[in-house]
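Input: a single structure, listed below in structure tokens.
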Amino acid sequence: MSYSNNLFYGASPEIHKRARELRKIMTPAEKVLWEKLRGKSLHKYKFRRQHPISRFIVDFYCHELRLVVEVDGAIHDSLENQEYDLGRTYELNEFSISVVRIPNKVILENCHDAVQVILNFIESNHLTLPSPQGEG
């Protein structure tokens, strides 16, 4: 099955429902970063918050770039959660989706630095919007 035009990669109705719930209870760091990403504020890229992808809910997702931004709190420091995050990243990569992780601390102490991490990731991985159909 091709997922290239599918925003949700087969996410179940239950995952969609949970994502809607999570949008109401975002962490302080997620709220701060969302203010920088919402409304196509970051170079006109549309980011979605608490977005369902397959069996996961990612913190932020830009479909045009096929980029997930995850906000990592202290819980992500444990070995068990690091292993889970690696597996999750691997599964998202299987959909040709890149993942960038930013610690809460970076966002809360200097959100400009967090945004720069995202921009640097986009640039260093040559992520760009696809050209319109029929060009080339």
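Rounded to the nearest 0.5 angstrom, Phe56 CZ and Ile97 CD1 are separated by 10.0 Å. Considering CZ of Arg101 and CD of Gln82, their distance stands at 10.0 Å, rounded to 0.5 Å. The structure places CD of Glu30 at 10.0 Å from CZ of Arg49, a figure rounded to the nearest 0.5 Å. Ser54 OG to Asn6 CG: the interatomic distance, rounded to the nearest 0.5 Å, is 10.0 Å. Note: His112 NE2 to Gln116 CD = 5.5 Å, rounded to the nearest 0.5 Å.
At least one side-chain heavy atom of Val58 sits less than 4.5 Å from a side-chain heavy atom of Leu92.
Ile118 is connected to Met26 through a chain of hydrophobic side-chain contacts under 4.5 Å among Ile, Leu, Val, Met, Phe, Trp and Tyr, so both are in one cluster. Val115 and Leu65 fall within the same hydrophobic cluster, defined by Ile, Leu, Val, Met, Phe, Trp and Tyr side-chain heavy atoms under 4.5 Å apart, directly or through other members. Residues Val106 and Leu42 share a hydrophobic cluster, clusters being chains of Ile/Leu/Val/Met/Phe/Trp/Tyr side chains in contact below 4.5 Å.
Remark: Glu14 engages no residue in a salt bridge (Lys or Arg N to Asp or Glu O under 4.0 Å) (not counting sequence neighbours). Considering only residues two or more places apart in sequence or on other chains, Glu94 meets the salt bridge (Lys or Arg N to Asp or Glu O under 4.0 Å) condition with none of them. With sequence neighbours left out, Arg88 forms a side-chain hydrogen bond (donor to acceptor under 3.5 Å, both in side chains) with Glu70. Remark: Val117 pairs with Val100, Ile102 by the side-chain contact (heavy atoms from CB on, under 4.5 Å) rule, at least two apart or across chains. Residues meeting the side-chain hydrogen bond (donor to acceptor under 3.5 Å, both in side chains) test with Asn110, sequence neighbours left out: Asp113. With sequence neighbours excluded, the residues forming a side-chain contact (heavy atoms from CB on, under 4.5 Å) with Ala19 are Arg23, Pro52, Ile57, listed by chain and number. Scanning for side-chain hydrogen bond (donor to acceptor under 3.5 Å, both in side chains) contacts around Glu109 gives an empty result, with sequence neighbours left out. Shown here are the salt bridge (Lys or Arg N to Asp or Glu O under 4.0 Å) partners of Glu91, two or more places apart in sequence or in another chain: Arg55. Scored by the salt bridge (Lys or Arg N to Asp or Glu O under 4.0 Å) test, Arg20 finds no partners at all (sequence neighbours excluded).
The shortest non-hydrogen separation linking Leu119 to His43 is CD2-CD2, 3.2 Å. Here the shortest heavy-atom pairing between Ala29 and Val71 reads CB-CG1, 3.8 Å. When all heavy atoms of Ala114 and Ile107 are compared, the pair lying nearest together is CB-CG1, 3.7 Å. Shortest non-hydrogen contact noted between Asn104 and Gly73 is ND2-CA, 3.2 Å. Ile15 and Ala11 make their closest contact through CG2-CB, 4.1 Å (heavy atoms, listed as atom of the first residue, atom of the second, distance). Listed here is the closest heavy atom pair of Leu7 and Ile53: O-CG1, 4.3 Å.
Ring geometry for His51 versus Tyr61: interplanar angle under 30°, hence parallel rather than tilted (30 to 60°).
Lys24 has no carboxylate O lying under 4.0 Å from a charged side-chain N of Glu21, or vice versa, which leaves the two without a salt bridge.
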Would Asp59 and Leu33 count as a side-chain contact (heavy atoms from CB on, under 4.5 Å) if you check the C-alpha gap in whole Å, the side-chain angles of each, and the deciding distance to 0.1 Å?
-> CA-CA 10 Å; Asp59 293 332; Leu33 187 56; over 6 Å; no
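Under the ring-ring contact (aromatic ring centres under 6.0 Å, His included) criterion, the residue pairs touching residues 17-40 are Trp34-Phe60, with sequence neighbours excluded.
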